[in-house]
Amino acid sequence: MLKELLQIFQYLQRFHQNSLEALKIILEFLLVAKNRDCLKALLEADKERIDEGISAILEGYGLEAFCANSKINRRKILRTLWSCETSSKDLENFIQAIVLHKTILGLYEYAMPIEVNQLACKFLDLKSGESLYNPCCGLGSLLFGIGERNFSYYGEDIHPQLLYLARILVAFMEFRECHLAVADIFKDSAFGDLETHKAFCYFPAQSNPNLWDFRENELEPFVKSIPEIPFLAYTLRHFKQRGVFIVRSLLLHKSCGMRLRKFLKQKRLLEAVVEFPKNIFPNQAEEFSLLVLSKQENKKTFFINAQNLYLKEGKYNKLIDIERIYDEFLSKQDTDISKLVAYENLDELNFKPSYYVQKKDMLQDFIPLGEFLECVYRGQRIEAKKDEILIDCYNVGIKDFAEYGFSEEFLEFSPKSSQKRIEKLKIQSYDILLSMRGVSPKVAIVGGRIGEKRVLPNAGVLVLRPKSQEIAKALYVYFLSKEGFLALSKVYQKNQERIGEEQIANFLLPRNFLEYQKRFNGLLKEGDGIRSHQKVIKTMLGF
């Protein structure tokens, strides 16, 4: 049936450039065709009376009168729909193909992959007589995954066209207690102070919410570039049992999500986290996770690492083993992909399941780099202010990183205004310097000849200050070794070719990594030899 529906949609696109309009028309045809008696009557009616008959059926559902391009062959479409009935599953597969597979149509923000939808509905676990709130409901495609029919659904969205399509889907799937409303939830929710049993929110990735009227919240101040937090804060007001949220994984481990993590831990709201595989949401480079929040004073949080539960499907990955993920959640047992963690053991720096779900032998053999560092900080731009006393400073960037040996020559003289933070930012002997961006890491170790010279890292450099020279030497050699270089490269790749303080503090080192310092002097000797040969070659070539 999917093939026939796609053919009808492509046919309608010839007459309607707006993809949502073409989708609206085919959904109206499908709703009309659901009643076989009505469909038969339309096929037998005069050509001029077909639109009138379709309109009467739609208006019976509380929808608008039928309006489509006059050149469309209505009878041809109706005959196709007569030849093969369309089930709810057929319609779900069609929506998936149009909205998520055909990304060129630009509709991919309005629905979720079927597998994510199914998993979210399992976690919601709707019971007969319960109610569900769904802000940003889009097409209302969440309803495809809900088997229960005796419940109340409340959906809001800011886009009227989407809500109209949702009304058609609701009528097609015969949900009785569905309340849909067009509203900007941060200005004036259509449902006021409604409190339901459950809630679900998949935030609009490209949203730019107007937060001016949404104040006096514990998670304030909000940042427009992180829309999940205000949507989550808003939705928390409207359910009393459990809420399921799809968020970007960066909120689980980066500084932008720190206040949220502290809030969830303090309020004991976090019941479970599922970390999704990469690339399962079309046109989204970000990584995503599912949060289960409950208002039952959770004592533990269950983490599920589903990063490897996928199949490659075209350009994107497809989440698999939905039943296994949910069974893990129900059992609350530690496995190779799951971990139950007491609230007092939650690390506010990191709520990613992959951080907690590690094999026991890995925990025995590895230790976080942060335990070997006095501090870690990033370089900053410091401007020389006019009419102020300037002090001698030098800049260090990736171009100054020496190959296989101490970095001690910093030639970019850059006087700065005398400020306290210059003393805090200046690098010291045996500091380890890392490039903050790039496909592969660049590493340097600062030599003792810089003395008291004020050398300031630029904004592209991350400074690590080991607790001892032995640690610095071992760390430098480890980062340059095959094992360390590959491990560090993976951190860059997982963070969109960037690295920061949190990632480096959580970077796992082999417990025996101090053994690498034994190679340090040999590495310096070979590095000196390379530089001597380079000087000879440059002299030969006249440089």
Please give me the minimum heavy-atom distance between Arg248 and Ile226, naming the atom from each residue. NH2-CA, 3.7 Å
Measure across Phe410 and Val396 and return the closest heavy-atom pair with its distance rounded to 0.1 Å. CE2-CG2, 3.4 Å
For residues 466-475, please give each side-chain donor-acceptor pair under 3.5 Å, one per line with the distance, not counting sequence neighbours.
unit_1 : atom_1 : unit_2 : atom_2 : d
Lys467 : NZ     : Glu371 : O      : 3.0
Ser468 : OG     : Ile471 : N      : 3.1

Heavy-atom side-chain proximity of Gln503 to Arg498 below 4.5 angstrom: no
Examine Phe245 together with Phe288 and report whether their ring centres are nearer than 6.0 Å. no
Would Tyr202 and Phe281 count as a close aromatic pair, with their ring centres under 6.0 Å? yes
Should the pair Lys518 and Phe520 be classed as cation-pi, given the thresholds of under 6.0 Å to the six-membered ring centre and 45° from the axis? no
Residues Ser532 and Asp528: side-chain donor-acceptor under 3.5 angstrom: no
Would you check if the distance from the ring center of Phe231 to the ring center of Phe203 is below 6.0 Å? no
Is there a side-chain contact between Ile337 and Glu328 (heavy atoms, below 4.5 Å)? yes
Test item: Val274 and Pro353 side chains (from C-beta on) under 4.5 Å apart, heavy atoms: no
Show your reasoning for whether ring pair (Phe, Tyr, Trp, His ring centres under 6.0 Å) applies to Phe513 and Phe372. CA-CA 11 Å; Phe513 95 99; Phe372 295 95; 4.9 Å; yes
So do Phe401 and Val443 actually touch side chain to side chain, heavy atoms under 4.5 Å? no
